Amino acid sequence: MRIDILTVLPDLLQSPFNHSIVKRAKDKGIVEIYVHDLRDFSDDKHRRVDDEPFGGVAGMVMRIEPIDKAISFLKSQRTYDEIIYTSPDGQRFNQKIANTLSCAQNLLILCGHYKGIDHRVRESLITKEISIGDYVLTGGELAAAVMVDAVVRLIPGSISDETSALTDSFQDNLLAPPVYTRPAEYKGMKVPEILLSGHQAKIEAWLHDQAIKRTQDLRPDLF
Ligand code: ADE
């Protein structure tokens, strides 16, 4: 998979992709991630990518020209499965969307900023708008990082134990069961007996029951 990200804050996106599973996936050639500075596509001598909104509304708005130039340039090189705009009023990101996006060849993510973006971008250049939750971030960069992380870990080969991505919380609309490691007893707190029993079938059944119980208790809306 190839992921291109258009942003006015490219430095903000250096660290999230250089650790852990995403870094390993890059090193293995499973994913290529390119972060582009939107200002490189500005024809303004001060490299500005925003302007005042029409109609006397407060705040600044991202201009269509640099965005159109950047997207047109990238689209001339390859076909994108989705051109995603990160915005608090987009479709709420979830595991199902992550699963679908993980099957893509090429993704382009445009990070929103300032007060908003010239609406013509949303009408004509974007194929999907995604929000990571009902709160407003300063910009779309952290939302892009969240999406990339959730998507890349699902690409086969990213995680050494393939089953582990499939047993994540939400993969079957259930929260994950609790996990424990050594020591079996710590300050009087014991690991559930069943996990030490060696009966794999019983353990699986217990884990499933626990997943259902946790979901009922914490996220009944998932049923
Ligand atoms: N940009 C600002 N807030 C956001 C959010 N909640 N999700 C995606 N992009 C955003």
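Along the sequence shown, residues are numbered consecutively beginning with 1. In listed order, ligands and their atoms are each counted from 1. Keep in mind that this is a model prediction, so the values were computed, not measured.
- Taking every heavy atom of V136 and a limit of under 4.0 angstrom, the matching atoms of ligand 1 come to 3 (N).
- In this structure the side chain of Q210 never reaches within 4.5 angstrom of the side chain of I194, judged on heavy atoms.
- The A143 neighbourhood of ligand 1 comprises atoms 8 (C), 9 (N), with distances under 4.0 Å to a heavy atom of that residue.
- The OG atom of S124 sits 5.0 Å away from the CD1 atom of I64 when rounded to the nearest 0.5 Å.
- The aromatic rings of F41 and H36 lie perpendicular to each other, with more than 60° between the two planes, well past the 30° mark.
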Task: Test side chain to side chain contact (heavy atoms under 4.5 Å, CB included) applied to H113 and E141, step by step - done: CA-CA 9 Å; H113 241 269; E141 285 73 17; 3.1 Å; yes
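- No heavy atom of T138 sits closer than 4.0 Å to any atom of ligand 1.
- Contact of the R2 side chain with the Q77 side chain is not registered, since no non-hydrogen atoms from C-beta on lie closer than 4.5 Å.
- The shortest N or O to N or O distance between G133 and ligand 1 is below 3.5 Å.
- When only non-hydrogen protein atoms are considered, atom 6 (N) of ligand 1 lies nearest to Y135 O, 2.8 Å.
- Protein heavy atom nearest atom 9 (N) of ligand 1, with residue, atom name and distance: S87 N, 3.2 Å.
- Taking 4.0 Å as the cut-off between side-chain N and carboxylate O, D44 and R39 do not count as a salt-bridged pair.
- Of all protein heavy atoms, the one lying nearest to atom 1 (N) of ligand 1 is P88 CD, 3.6 Å.
- Looking from atom 3 (N) of ligand 1 to the surrounding protein, the closest heavy atom is L137 N, 2.9 Å.
- What sits closest to atom 7 (N) of ligand 1 on the protein, heavy atoms only, is I132 N, 3.0 Å.
- Look at D43 and K69 and you find a salt bridge, because one of the NZ, NE, NH1 or NH2 atoms lies within 4.0 Å of a carboxylate O, short of that distance.
- With a 4.0 Å cut-off on non-hydrogen atoms, I130 touches ligand 1 through its backbone and not its side chain.
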